[in-house]
2 protein chains.
Amino acid sequence: MRKVLQKYGRRGFKMTPQRIAILEYLEGSDNHPSAEDIFRDVKKRYPTVSFATVYNTIEALKKRKEIVEITIDPERKHYEPNINPHHHIVCIICKKIGDVFADYSTALRLPAEVEQEFIATGNHVHFFGICKNCRS
Amino acid sequence: MRKVLQKYGRRGFKMTPQRIAILEYLEGSDNHPSAEDIFRDVKKRYPTVSFATVYNTIEALKKRKEIVEITIDPERKHYEPNINPHHHIVCIICKKIGDVFADYSTALRLPAEVEQEFIATGNHVHFFGICKNCRS
DNA sequence: GTCCATGCAAACGATTTGCAGAGTT
DNA sequence: AACTCTGCAAATCGTTTGCATGGAC
């Protein structure tokens, strides 16, 4: 809520109750929800919300660079409100996604052969591991 | 073909013509095809192949760890025959995927806060950039 | 005959789209 | 009225599954 709710008083992006609920859910915890996660949560307060609204809002927020789409789960897309570039770690058991704030850029040099083919403009590290909960 | 075709003479994994075609395509170039890419290519030689066969074969090969599924394209899964752990770079224009053989493990240390939550067991770096072709 | 791969078609799950109705200005 | 968001339903796309047929041992 905070950030985005302030930013868009009303202009260009209408702050409807559903959208507020979506933003609050997205910014309310350190989760990385899928569209369905968002849908389920918003439905608690607005039992008539539709997937169309959720996806519409996601699309509008992506376009405005207020949220980021994460491609880390082969089955579905996930979203997060944290715009600062960072990395992720995924529990291989429960699939929980954690944030990793660190800048590895200086270490992540491309091998020479690859540099002949590509100019790198960014990077994202996907760690996998086991979370505290799943260690038992 | 080489590797896998030799390995499985016939036992446990039947080398049918369709499977040979799939393996040849997978190992024949440094591509990272999607199921549909594979399907289209095999169809050239076997016009009656079905997606079921392609997906069945992919599944069987994944289970035997002969190919790896890549989660880097939000729209579809990609596969590659190179089992050695390595990283990837994706052209943000044409989506071409390149291999990056480098071991960044020593540099990729998790921040202390994250280590309290997760034990890392692996990593994969997803570079993005622009390929030679798309520079024009 | 047994086993297992094939190929067709139907099913499925995630996401997208068309559109009529509503809310806001 | 103009604009745009909502919610329903239908459509789409990638992937999976059920099942009858068919080839290899």
Side-chain angles (χ1 to χ4, degrees), chain A residues 4-5 8-26 32-64 66-79 95 97, chain B residues 4-5 8-26 32-64 66-79 95 97:
Chain A
V4 180
L5 288 190
Y8 297 96
R10 198 164 263 94
R11 49 184 166 285
F13 185 78
K14 280 193 186 168
M15 269 305 161
T16 65
Q18 294 89 337
R19 289 180 167 189
I20 292 172
I22 291 172
L23 282 165
E24 283 179 352
Y25 179 61
L26 271 163
H32 299 73
S34 64
E36 168 135 32
D37 293 333
I38 297 171
F39 177 70
R40 262 204 316 275
D41 186 83
V42 176
K43 217 175 167 97
K44 286 187 212 154
R45 277 203 266 164
Y46 300 94
T48 63
V49 266
S50 65
F51 264 108
T53 297
V54 172
Y55 280 111
N56 275 345
T57 303
I58 287 173
E59 193 51 36
L61 290 170
K62 265 203 303 188
K63 205 170 297 171
R64 286 170 178 73
E66 301 294 353
I67 62 174
V68 172
E69 186 177 292
I70 307 176
T71 303
I72 208 171
D73 172 352
E75 304 317 323
R76 55 188 62 75
K77 296 170 187 169
H78 291 256
Y79 302 92
K95 312 301 176 195
I97 304 176
Chain B
V4 180
L5 289 190
Y8 298 97
R10 201 164 259 94
R11 49 183 164 286
F13 184 79
K14 282 193 187 167
M15 268 306 161
T16 65
Q18 293 88 339
R19 286 180 170 191
I20 292 172
I22 292 172
L23 283 164
E24 283 180 352
Y25 179 60
L26 271 162
H32 300 73
S34 64
E36 169 136 31
D37 293 333
I38 297 171
F39 176 70
R40 262 204 316 274
D41 185 84
V42 176
K43 217 173 167 101
K44 286 186 214 155
R45 277 203 265 164
Y46 300 95
T48 62
V49 267
S50 65
F51 263 108
T53 296
V54 171
Y55 280 111
N56 276 346
T57 302
I58 287 173
E59 193 52 35
L61 290 170
K62 265 202 304 187
K63 206 170 294 170
R64 288 171 175 74
E66 301 292 354
I67 62 173
V68 171
E69 186 178 293
I70 307 175
T71 304
I72 208 170
D73 173 352
E75 305 317 324
R76 55 188 59 77
K77 297 171 186 169
H78 291 255
Y79 303 91
K95 311 304 177 195
I97 304 176

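A note on names: the letters A, B, ... follow the listed sequences, proteins ahead of strands, and every chain is numbered from 1. In this text, all values refer to a predicted model and were calculated from it rather than measured experimentally.
- Between A:K63 atom NZ and C:dT16 atom P there is a gap of 11 Å when expressed in whole angstrom units.
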Task: Under 4.0 Å protein heavy-atom contact, by nucleotide of nucleotides 8-14 of chain D - B base, S sugar-phosphate only - done: B-----S
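- Across all strands, A:T53 comes closer than 4.0 Å to base atoms (heavy-atom distances).
- Rounded to whole Å, atom P of D:dC5 lies 11 Å from atom CE of A:M15.
- B:T53 places no side-chain N or O within 3.5 Å of a backbone atom of B:V49 that could act as its donor or acceptor partner.
- A salt bridge between B:R76 and B:E36 is absent, with no side-chain N of the basic residue lying under 4.0 Å from a carboxylate O of the acidic one.
- Contact annotation: B:T57 side-chain N/O to C:dA5 OP1/OP2 distance is not under 4.0 Å.
- B:E66 is not listed as a side-chain neighbour of B:F13, based on a closest heavy-atom distance of 4.5 Å or more.
- For the pair A:F13 CZ and D:dC3 C1', the computed distance is 16 Å after rounding to whole Å.
- Judged by distance alone, the side chain of B:H78 and the main-chain N or O of B:H32 form a donor-acceptor pair under 3.5 Å.
- Summarising the geometry, the separation between CD on B:E59 and C1' on C:dA5 is reported as 15 Å, rounded to the nearest angstrom.
- As rounded to whole Å, 13 Å separates atom P of C:dA14 from atom CD1 of A:I58.
- Under the side-chain contact (heavy atoms from CB on, under 4.5 Å) rule, B:L26 has a single partner from B:D41, B:I67, B:I58, which is B:I67.
- Atom-to-atom, CD1 of A:I20 to C1' of C:dT24 comes out at 14 Å; the value is rounded to the nearest Å.
- Looking only at distances, no side-chain donor or acceptor of A:R19 sits under 3.5 Å from a matching main-chain atom of A:M15.
- Look at CG on A:L61: it is 17 Å from P on D:dT4, rounded to the nearest Å.
- Of the candidate nucleotides D:dT15, C:dA5, D:dG7, D:dT15 has the atom nearest to the side chain of B:A35.
- Here B:E75 pairs with A:K77 in a salt bridge; the nearest charged N to carboxylate O distance falls below 4.0 Å.
- Per the geometry, CG belonging to B:N56 stands 9 Å off C1' belonging to D:dT17, to the nearest Å.
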